[in-house]
Amino acid sequence: MEKELFIKQLRPNLCLMDEAHESTGYLVVGEKKAAVIDTMNGYNDLHKAVREITDKPLVVINTHGHPDHILGNVYFDEAYMNPADFELAATFVNDPNFLSDSKKMPLFKAINEGDIIDLGGKTLHVYNLPGHSKGSIILLLKEERILFSGDAINHHLWMQLDGCPKMSELVENIDRIMFLEKEADYILHGHARDFDDISLLRCLRQGALEISEGKTENDEPYQWFGGIGRQHHFKLEDGKHYSQIHSVICYTPGRE
């Protein structure tokens, strides 16, 4: 079923692709190649949409293995993802409710921390940030000082899913990549409609730290398709630009 695809040009070489306001992907165009970062739910022929923007060779990168970021892979010949999420992705790829017989998912190819995707004048640097999923990665577009974070860093972080670590582990994982706040000015996450200031990274870390320290007395119930968890509001910094203000981390009580 096709749903509306909104394409917004953020910079001459960068487009945000918003599929029905359900998930967001990105197109980064270099001098020699172009990168598609997340392919969303596959409602639209994303390859066709991208080809209306650029004819350069394409590399497809999935930030993690959840269906609203990978199912559009069916329109491409290959896609890269952290192997730690291969098993997670397979649970959706092999489910007939997600893909029809007429659409086939290409095999995933491995991408790992330390890899650099050279697009020609633009480079994407790969870092691991497990939390939302075991294999979540973030991508630094070094020359533009932009961090593509998938769902690992956003305004509505899901940490209540099976396989998510304790909040203290998430804090440790974020600490390991905090140096990136000096390498990037902006974040573009997997459900964004515009840029967020890089300080979102530090604000989310603080929220996770508060949960791990038990500062949850004001947390509220959070109902989702898997049951009822909790949600913790975290504060954003004054005077900074954010695409939205309401910011929460969702989690399962007992896994703080």
Side-chain angles (χ1 to χ4, degrees), residues 17 19 22-28 33-43 46-47 50 57-119 123-141 147-154 157-166 169-170 172-174 176-177 188-191 224-226 250 252 255:
M17 302 178 291
E19 194 170 57
E22 293 181 17
S23 58
T24 303
Y26 300 93
L27 175 66
V28 182
K33 297 180 182 179
V36 176
I37 302 173
D38 285 341
T39 60
M40 301 166 287
N41 278 301
Y43 297 141
L46 192 60
H47 183 272
V50 166
L58 299 174
V59 55
V60 177
I61 307 164
N62 297 136
T63 60
H64 62 295
H66 287 142
D68 56 332
H69 297 270
I70 67 171
L71 292 185
N73 289 7
V74 295
Y75 299 107
F76 300 90
D77 295 328
E78 62 182 27
Y80 290 85
M81 187 170 63
N82 186 334
D85 265 10
F86 281 5
E87 183 177 354
L88 172 65
T91 63
F92 304 107
V93 172
N94 297 328
D95 187 334
N97 292 321
F98 283 95
L99 290 177
S100 66
D101 293 336
S102 62
K103 295 180 180 179
K104 301 298 180 184
M105 183 74 74
L107 293 176
F108 290 104
K109 301 182 74 171
I111 193 169
N112 298 287
E113 179 166 291
D115 288 346
I116 299 174
I117 298 94
D118 187 352
L119 305 177
T123 54
L124 290 164
H125 298 245
V126 182
Y127 300 93
N128 294 339
L129 185 50
H132 177 67
S133 74
K134 293 179 180 179
S136 286
I137 61 171
I138 55 179
L139 302 164
L140 173 66
L141 181 56
L147 198 62
F148 298 94
S149 64
D151 284 357
I153 307 164
N154 64 50
L157 177 62
W158 274 23
M159 288 291 293
Q160 80 278 20
L161 303 171
D162 291 341
C164 288
K166 289 186 176 181
E169 290 183 48
L170 176 62
E172 292 175 359
N173 293 337
I174 294 176
R176 195 180 64 83
I177 56 93
L188 288 170
H189 63 75
H191 297 272
W224 62 298
F225 62 80
C250 304
T252 299
R255 275 215 318 250

For the backbone of [Y] and the side chain of [X], can you confirm whether one donor and one acceptor N or O come within less than 3.5 Å of each other?
| X | Y | result |
| --- | --- | --- |
| Tyr26 | His189 | yes |
| Ser136 | Ala152 | no |
| Thr123 | Asp118 | no |

Could you tell me if the side chain of [Y] sits less than 4.5 Å from the side chain of [X], heavy atoms only?
| X | Y | value |
| --- | --- | --- |
| Leu157 | Leu170 | yes |
| Glu172 | Lys166 | no |
| Leu161 | Trp224 | yes |
| Asp85 | Phe108 | no |
| Lys134 | Pro165 | no |
| Val36 | Met17 | yes |
| Leu139 | Leu147 | no |
| Leu129 | Ile174 | yes |

- request: Walk me through it: do His132 and Ile153 pass the test side-chain contact (heavy atoms from CB on, under 4.5 Å)?
  value: CA-CA 9 Å; His132 177 67; Ile153 307 164; over 6 Å; no
How many angstroms lie between atom [atom1] of [X] and atom [atom2] of [Y], to the nearest 0.5 angstrom?
| X | Y | atom1 | atom2 | value |
| --- | --- | --- | --- | --- |
| Glu169 | Met159 | CD | CE | 8.5 Å |
| Asn82 | Asn128 | CG | CG | 5.0 Å |
| Asp38 | Leu27 | CG | CG | 12.5 Å |
| Asn62 | Asn73 | CG | CG | 4.0 Å |
| Ile37 | Leu188 | CD1 | CG | 8.5 Å |
| Phe148 | Thr63 | CZ | OG1 | 11.0 Å |

- prompt: Yes or no on side-chain contact (heavy atoms from CB on, under 4.5 Å) for Asp115 and Tyr80, after CA distance, side-chain angles and deciding distance?
  reply: CA-CA 11 Å; Asp115 288 346; Tyr80 290 85; over 6 Å; no
- request: For side-chain hydrogen bond (donor to acceptor under 3.5 Å, both in side chains), just list the numbers for Asp151 and His66, CA-CA rounded to whole Å, side-chain angles, deciding distance to a tenth of an Å, and then say yes or no.
  value: CA-CA 10 Å; Asp151 284 357; His66 287 142; 4.9 Å; no
- request: Please lay out, stage by stage, how Lys33 and Ile117 fare under the test side-chain contact (heavy atoms from CB on, under 4.5 Å).
  value: CA-CA 10 Å; Lys33 297 180 182 179; Ile117 298 94; 6.0 Å; no
- prompt: Listed by chain and number, what are the ring-ring contact (aromatic ring centres under 6.0 Å, His included) partners of Tyr127, not counting sequence neighbours?
  reply: Phe179
field: Candidate pair Leu88 and His64, rule side-chain contact (heavy atoms from CB on, under 4.5 Å), full reasoning
entry: CA-CA 9 Å; Leu88 172 65; His64 62 295; 5.6 Å; no
Least distance between heavy atoms, [X] atom then [Y] atom:
| X | Y | value |
| --- | --- | --- |
| Ala89 | Met81 | CB-CE, 3.6 Å |
| Pro67 | Asn41 | O-OD1, 3.9 Å |
| Pro83 | Asn112 | CD-OD1, 3.6 Å |
| Ile138 | Ile177 | CD1-CD1, 4.0 Å |

message: Atom CD of residue position Glu22 - does it have more than 12 heavy atoms of other residues, nucleotides or ligands inside 6.0 Å?
response: yes
message: Parallel, tilted or perpendicular, judged at 30° and 60°: which one describes the rings of Phe225 and Trp158?
response: tilted
